[in-house]
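Since we're looking at a predicted model, the values are computed, not measured. Note that ligands are numbered from 1 as they come in the structure, with each ligand's atoms numbered from 1 the same way. Just the heavy atoms: all of them, side chains too, but no hydrogens, waters or symmetry mates, feed the values below.
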Amino acid sequence: MAMLGHSPRFSAAYISRRKNGQVDIFTMLRGRFADVLDRASAHGGATYTTEWWDDESAKMRAAFLPEPPDDFLRNERLIWAMVANSPMFLECELPDLERAYGPDRLLSLLEEDLVGRQILNVAKYHTSINSVHHAYHIHRFVEATGCDLGGVGSVVEWGGGYGNLAKILLRWAETPVTYVIIDIPLMSAVQWLYLSCVLGPDRVTLVDDLDTPIEAGKVNILPVGLAEARPPEADLLVSTWALSECSSEAQQFVVGHDWFGASKLLLGYHDSNEKFAAASGVGDIARARGATVYPIEFLPGGYYAFL
Ligand SMILES: C[S@@+](CC[C@H](N)C(=O)[O-])C[C@H]1O[C@@H](n2cnc3c(N)ncnc32)[C@H](O)[C@@H]1O
């Protein structure tokens with residue numbers, strides 16, 4: 001039975017006891033990372049990616065080959081790009097979650113995993129600020145739209161980070177979901193490794209050619225270069241601070257494919273800036289699809305768009 005925590009040290013021991021099996025899976029799979037990365041890299045997709053992401057990806061690639069280290073989630077480039085660790089986020093987000101859900105529900109949604117050695121900085125729920133942040137996106141979406149995630153059969157996520165939002169969304173849904181994550185090859189390989197350890201290798205599949213099927217009820221890792229040739233279908237399209245970090249061609253690709261057929265949208269994005277000139281285009285295309293845009297009160301220049 002899950003129990004509330006009181007210190008990072010206690011949480012570290014607690015997680016390592018409960019998630020010990022992930023170490024064996026990681027040891028077994030890390031040697032296949034380079035091969036998965038090769039297979040994910042065998043396609044195009046460069047027009048969708050910004051220069052900044054090309055550079056970041058090259059730096060992480062150098063750090064994760066020939067094999068990712070045990071603590072790959074502590075890689076400084078990965079943290080900078082996709083791990084929320086500001087106490088300000090926690091102060092704004094956790095109280096809202098605690099008002100909406102009881103401790104048992106939060107423990108089961110938020111509990112961290114052992115693989116990758118994420119930093120545990122929210123001892124009460126044995127979790128990280130990043131997992132609270134990802135759960136908060138889902139909470140805001142559910143609250144604003146009334147969507148029952150248990151009734152969502154398929155999700156496409158554009159730009160899934162290391163797979164953490166997918167993990168929490170699957171916990172939230174509590175029912176089998178066919179989940180597709182579209183990303184650049186390096187992050188496809190990271191998601192394959194992370195989610196295989198967390199969910200079990202039989203629940204994750206790499207879609208690496210035109211004939212590999214999208215498997216129902218699994219997480220399907222789809223490198224962006226293949227998405228054009230075989231666009232997936234979804235009830236819900238998710239993209240948090242990802243489509244906004246791509247080129248406008250990427251945004252037009254999603255629009256041109258009718259948002260993969262999704263009738264529901266969970267989007268987070270920011271205003272355009274020097275690095276990401278097309279970022280605010282996400283708000284324009286989301287509004288045109290019928291989504292409502294919500295400025296994020298504590299994050300100036302940040303928005304959700306929900307449908
Ligand atoms: C800032 S991170 C956000 C990650 C995650 N969605 C989150 O909210 O923590 C941006 C994500 O977009 C992905 N990305 C960048 N260029 C992309 C492209 N051309 N196609 C798909 N995903 C891309 C990155 O690899 C990364 O996973």
Just need the protein heavy atom nearest to [atom], so name the residue and atom and give the distance.
| atom | value |
| --- | --- |
| atom 25 (O) of ligand 1 | Asp183 OD1, 2.6 Å |
| atom 19 (N) of ligand 1 | Thr49 OG1, 2.8 Å |
| atom 21 (C) of ligand 1 | Trp158 NE1, 3.3 Å |
| atom 11 (C) of ligand 1 | Ala242 CB, 3.8 Å |
| atom 18 (C) of ligand 1 | Cys246 SG, 3.4 Å |

With atoms numbered from 1 as shown, which atoms in ligand 1 lie under 4.0 angstrom from a non-hydrogen atom of [X]?
| X | answer |
| --- | --- |
| Gly160 | 27 (O) |
| Ala81 | 1 (C), 2 (S) |
| Met187 | 25 (O) |
| Ile182 | 21 (C), 22 (N) |
| Trp241 | 1 (C), 2 (S), 3 (C), 10 (C) |
| Gly161 | 4 (C), 5 (C), 27 (O) |
| Val224 | 20 (N) |
| Tyr48 | 19 (N) |

| Stepwise side chain to side chain donor-acceptor pair (under 3.5 Å) test for Glu245 and Trp53 | CA-CA 8 Å; Glu245 298 195 1; Trp53 266 105; 2.8 Å; yes

Filtering Phe276, Phe253, Trp53, Trp52 for the heavy atom nearest atom 15 (C) of ligand 1 leaves Trp53

Among Met82, His134, His133, closest by heavy atom to atom 7 (C) of ligand 1 is His134

Do any N/O atoms on Glu245 end up under 3.5 angstrom from N/O atoms on ligand 1? no

| said: Below 3.5 Å, N or O to N or O, backbone or side chain included: is there any such pair between Thr240 and ligand 1? | reply: yes

How about [X] and [Y]: are their ring centroids closer than 6.0 Å?
| X | Y | result |
| --- | --- | --- |
| Tyr101 | Trp172 | yes |
| Phe253 | His257 | yes |
| Tyr304 | Phe141 | no |

Could you tell me the separation between the [atom1] atom of [X] and the [atom2] atom of [Y], rounded to the nearest 0.5 Å?
| X | Y | atom1 | atom2 | value |
| --- | --- | --- | --- | --- |
| Arg140 | Glu143 | CZ | CD | 6.5 Å |
| Asp70 | Phe26 | CG | CZ | 5.0 Å |
| Ile221 | Arg39 | CD1 | CZ | 12.0 Å |

>> Is there a continuous path of hydrophobic side-chain contacts, each under 4.5 Å between heavy atoms, that joins Ile15 to Leu4?
In response: no

_Heavy-atom contact check, 4.0 Å cutoff: does Leu165 meet ligand 1?_
no

- Message: For Asp113 and Arg18: C-alpha separation, side-chain torsions, deciding distance, then whether salt bridge (charged side-chain N to carboxylate O under 4.0 Å, His left out) applies.
- Response: CA-CA 9 Å; Asp113 287 278; Arg18 284 165 68 86; over 6 Å; no

In short, Val177 meets Val155 closest at the heavy-atom pair CG1-CG2, 3.7 Å

Closest non-hydrogen contact found for Leu193 with Pro68 is CD2-CG, 3.6 Å

